[in-house]
Every structure is written in C-alpha cells, then in structure tokens.
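In what follows, a structure is listed as structure tokens, so that the remarks can point back to it.
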Amino acid sequence: MKGLFKSKPRTPAELVRLMRELLIYADLNSNSKEAKREEKMAELGKLIRELKCILYGNSESEPVSEACAQLTQEFFKQNTLRLLIICLPKLNLEARKDATQVVANLQRQQVHSRLISSDYLEENKDLMDHLISGYEDMDIALHYGAMLRECIRHQTIARYVLESDHMKKFFGFIQLPNFDIASDAAATFKELLTRHKSTVAEFLTKNYDWFFAEYNSKLLESPNYITRRQAVKLLGDMLLDRSNSAVMVRYVSSKDNLRILMNLLRESSKNIQLEAFHVFKLFAANQNKPPEIVTILVANRSKLLRFFSDFKMDKEDEQFEADKAQVIREIAALEPRERP
C-alpha cells in the first residue's frame, strides 16, 4: 500500500527551510555523539546536495530558473547563508564541497534582475571577517577561500575587504607553508587587486606607502621563488592597468623600487626575468625620471645594455622585441642630470 502514496516532492523553498532547521540543530548540538545527531547530519548533507543539483542541474537536466529564484529568495530571508558558513566546519568533507558550490552559485543568482546576495552581504559584511579567518584553519581554508572569491565579485564587498585590516594579513597567508592554502590566498589577493578597477585605484592611492612597503619586502623580496614570481607578475598587471596610472608614475619614481626590479632581472629564472622586464620598462619609459633614477640607470648602463642585448624569449614575440628595443634606446640616450 505504501508505494501508492508517494510523497510529494519538496519545493526549493521547503528544502532551504529544512536545511536551516538542521543547521540550527548542528550548531546547537555540535558536541553530541548520539546516533540521532549522525542521522540528522547525514540528512543535512543530502539536503545540501539537493540544493546544489537545483542550482547547477545534473546529468539529466539543466537548472530551472524559476526553481533557482525560489531557492535564492528563501536562502537570503533568514540568515541561512550565515548559518551555512558558520556551520561549515561541522560538516563532512563532501557536504563542505557541496556547500561551497551552493554559496558560490548564489552570488550570481538574480531575482527580478537583482543580485539579492549583494544586498544581503552589504548588511552582513562581518561574514567576510569570518571567511578570511578561515585561512588560519587548514580544514576549511580552501572552502572559505572559494566562497570569499565569489563574494568579492560584488564591488561593495571587495571595497570592504580592501579597506579592512585583513589586507595586511594576506601578506602572511600568501607565505603559509601549506602550498595549496598559500596559492588560494594568492588567488584571492590577486582578485581583490584586479577585479574592480576604480575601487582598486582608490585603495592603492590611499594606502600607497604601507601597501608597497609590505609588497616589496614580503613578496618581491621573499625567499620563496613562487611568491616572487606571482608577486612580480601581479605588480605588472596592476601598474600596466590604465586605472592605476597615477600609482604607476609614483612607483616608477622610486629608486628603491628600481633596485628591487633590477635585482629581479638578475634572477636565474627566465619567468621572473620576463615579468620583471614588463615592470622595468615602465621605469625606462618614464619621460619625467627623477635625477636619482637617471643616476642609477646611467651608472649601470653598460651592464643593462649588455643584459638586454642577450635577453631573448623562447618563442619569437614582436611586441617583446619592440619593447626591448625601446628600453635599449631610452637607456642609451640618458644623460646624467644635475640635482636641482
């Protein structure tokens, strides 16, 4: 008889409400070892997977926009996102992975042409503090890192992180001994400094002194090869972006910055040399070089010209060759300047 009365499938909103109840239970009973808790945690894992299937679809069906909208609306009604983030360490590995994908997808879901996740996060910016602190916990660092990168797709949230004290912590996170976590932190750091152009330009202008002091000493002069390589590449991306032209002019007017770049040009790694060249050429191309920059370039002229004449890429690249020729011309034409 039982088979004749199949239970009606639950709506996306009902699934979210059930998950919320189980998350509250998990939060309140985190130390319980009883069988009932095991059952409820297993049920919670299944519900999170179901929500993931609604948002992403599966091998048999594509996601249905109406179901996604219903799920999204319910999710942001009663702090379900906060609960899911806070309870993440209590979930098993599979449920954590599914929850990470659910949170990521929700950042892109529109309801009536609005990203309601952005509105919610603006009211709950402290969740970013929680996600960033995840880099200090090996078990959840990669999950929280992935969620964080999706949240900073929203410009106001990226601005909050940039303007917070957390930015200073990234210089440490990027050098953590765990390679995967360090790489994840570097990916988030890069996203923060390249995605929202106007916000990034404002941040770099306002925080120039401490930011580049940290960037130079902790990253460009790091003993770790990967850290140096990623840092010089990101530096080039930032300085070559038109939005950061004022910051770039300031950076290439510093003799200390020039010395660091010249040291990077001397590295044995071709990759680092190449990325350093893309920044060094900005020093050479600056038509208003301060006298101390000219003095250093003139003093090292013969070494630099010899270096660039032998400096080749593995594959032919017309743009690289044109840039290199321009740098050689600029350095060869320099005249020592008297200090005013």
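None of these values were measured; they are calculated from a predicted model.
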Reported CD1-to-CG distance for the pair I132 and L127, which is rounded to 0.5 angstrom: 11.0 Å
Cluster overlap L93 with I85, hydrophobic side-chain contacts below 4.5 Å: no
Aromatic ring pairing F173/Y135, orientation class (parallel under 30°, perpendicular over 60°, tilted between): tilted
Transitive ILVMFWY side-chain link L234 to Y208, under 4.5 Å: yes
Expected output: side-chain N224 to main-chain T227 donor-acceptor under 3.5 Å: yes
Aromatic plane relationship, F189 with F211 - under 30° parallel, 30 to 60° tilted, over 60° perpendicular: parallel
E74-Q70 side chain donor-acceptor pair, cut-off 3.5 Å: no
N/O donor-acceptor pair under 3.5 Å between Q273 side chain and E267 backbone: yes
Listed once per pair and sorted, the side-chain hydrogen bond (donor to acceptor under 3.5 Å, both in side chains) pairs that draw on residues 169-180, sequence neighbours left out: H166-K169, Q175-S222
R37 to Y25 six-membered ring, cation-pi geometry met (6.0 Å, 45°): no
Between Q319 and D323: side-chain donor-acceptor atoms closer than 3.5 Å: yes
Side-chain donor-acceptor pair present, D129, Y160, cut-off under 3.5 Å: yes
Side chain to side chain, W210 and M167, heavy atoms closer than 4.5 Å: yes
N216 versus N257, side-chain donor and acceptor atoms under 3.5 Å: yes
Modelled atom types, side-chain donor and acceptor of Y120 and N79, under 3.5 Å: yes
T199: side chain to side chain donor-acceptor pair (under 3.5 Å) partners, not counting sequence neighbours: Q155, R159
same_hphob_cluster(V102, I86) at 4.5 Å side-chain heavy-atom cutoff: no
Residues K40, E43; criterion salt bridge (charged side-chain N to carboxylate O under 4.0 Å, His left out); working and verdict: CA-CA 5 Å; K40 285 190 178 286; E43 194 185 337; 5.4 Å; no
Test item: side-chain donor near acceptor, N105 and Q109, under 3.5 Å: yes
CG on L142 to CE on M147, rounded to 0.5 Å: 11.5 Å
